[in-house]
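Just so we're on the same page: letters track the sequence lines, and every chain starts at 1.
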Amino acid sequence: MSRYSFTVPDSIESAREIQQQARSLVIPEDRLDPVGLVAGVDVGFEENNTITKAAIVVLNFPSLEVVETSIARMPTGFPYVPGFLSFREIPAILEALEHLKTNPDLYLCDGQGIAHPRRLGIASHLGVAIDRPTIGVAKSLLVGKHAPLGEEKGAWTPLIDKKETIGAVFRSRTRVKPLYISIGHRVSLETAIDRVSRCLTKYRLPEPTRLADKLSKKEGGEVRNLGT
DNA sequence: GCGACAG
DNA sequence: ATCTTGTCGC
């Protein structure tokens, strides 16, 4: 069933080829079930970047109650190069996903989806790798331009690159730096914006990503699954 | 050639 | 991403 196998290349040149080939597998439309479980995915580093730590938090939707969490550590195998983040973080994410006992209907990833130079940011690459619905929720801009954004919570404007809409610049909280939402895989931009909006509480980041971020920065890691 | 550059 | 305390503002 899985017609895509994720691998870490040994050079930026080959990495670019992999992205070029994988981008064609991204499905920019709604092909997801009603969301009952949403997962937040984030990655952190330890020991001077030699260790990559992935954290996943699964919550009920739309109640946003935490159902389970998973953490995985792994030696860092790829450097940080803008535009090639997935090769550095996905290995640990895949490991953390192996220990999940639930099957999330949707994944919110820290980083870009198709709002990427070659339209294959980490959220899209992960989505294709596991063939599950994903949304990119980045805290800063990688590529694209946009019109001025309203200051009120909920305001958003299209993110454009080379004349095409690659995402949405979204205000998750009034007068706070915006979020950059983009299609990851199997989700339309409209649905992406709606689902992220429904995961917001009192913080800038949606709960799934906010909790995963907190977990990736926390100490410990032996314990894989907490919660139910 | 000169910037820009997710995490 | 990570290193780091208190502090200004809603």
Where DNA chain C forms runs of at least three Watson-Crick or G-U pairs (i with j, i+1 with j-1, under 3.5 Å), the stems are none
Determine the minimum heavy-atom distance between A:Val58 and A:Pro104, stating which atoms define it.
CG2-CG, 3.9 Å
Would you say the side chains of A:Asp30 and A:Ser188 form a donor-acceptor pair under 3.5 Å?
yes
Heavy atoms only: give me the nearest A:His99-A:Ser70 pair and the separation to one decimal.
CB-OG, 3.8 Å
Tell me the closest heavy-atom pair linking A:Gly184 and A:Ser124, and the distance in Å.
O-OG, 2.8 Å
List in numerical order all residues of residues 193-202 of chain A for which some heavy atom is under 4.0 Å away from an atom belonging to DNA chain C.
none
Any carboxylate oxygen within less than 4.0 angstrom of a Lys/Arg side-chain nitrogen, looking at A:Arg3 and A:Asp131?
no
Would you name the heavy atoms of A:Pro9 and A:Phe78 that are closest together and state the gap between them?
O-CE1, 3.7 Å
Anything under 3.5 Å between a protein N or O and an N or O of nucleotides 1-8 of chain C, put it in a table, one pair a line.
| from | atom 1 | to | atom 2 | distance (Å) |
| --- | --- | --- | --- | --- |
| C:dA1 | OP1 | A:Lys217 | NZ | 3.3 |
| C:dA1 | OP2 | A:Lys139 | NZ | 3.1 |
| C:dT2 | OP1 | A:Phe45 | N | 3.4 |

Provide, to the nearest angstrom, the distance between the CD atom belonging to A:Glu152 and the C1' atom belonging to C:dC10.
13 Å
Does the pair A:Glu47/A:Arg73 count as a salt bridge with the N-to-O cut at 4.0 Å?
no
Residues clustered with A:Leu159, ILVMFWY side-chain links under 4.5 angstrom
A:Leu141, A:Leu142, A:Val143, A:Leu149, A:Ile166, A:Val169, A:Tyr180
Below 4.0 angstrom, N of the basic side chain to O of the carboxylate: do A:Arg16 and A:Glu13 qualify?
no
A correct dot-bracket answer for DNA chain B, with pairs being Watson-Crick or G-U at under 3.5 Å, [ ] for crossing pairs and | for inter-strand pairs, is .......
Taking A:Ile114 as the fixed residue, which of A:Leu120, A:Val26, A:Leu189 is the one that meets the side chain to side chain contact (heavy atoms under 4.5 Å, CB included) rule?
A:Val26
Could you tell me from which nucleotide to which nucleotide of DNA chain B, 5' to 3', there is an atom under 4.0 Å from chain A heavy atoms?
B:dC5 to B:dG7
What's the shortest heavy-atom distance between A:Ile93 and A:Ile56, and which atoms?
O-CD1, 4.0 Å
Answer with base, sugar-phosphate or nothing: what part of the nucleic acid does A:Phe78 contact at a heavy-atom distance below 4.0 Å?
nothing
Centroid-centroid distance, A:His125 to A:Tyr4, less than 6.0 Å
yes
Among A:Asp110, A:Asp42, A:Thr52, which residue meets the side chain to side chain donor-acceptor pair (under 3.5 Å) test with A:Ser216?
A:Asp42
Heavy atoms under 4.0 Å, any strand shown: does A:Gly136 hit a base, just sugar-phosphate, or nothing?
nothing
With a non-hydrogen cut-off below 4.0 angstrom, is A:Leu141 in contact with a base, only sugar-phosphate, or nothing?
sugar-phosphate
Any luck finding a side-chain donor-acceptor pair between A:Thr50 and A:Thr76 under 3.5 Å?
no
Is A:Arg171 paired with A:Glu152 through a side-chain N to carboxylate O contact shorter than 4.0 Å?
no
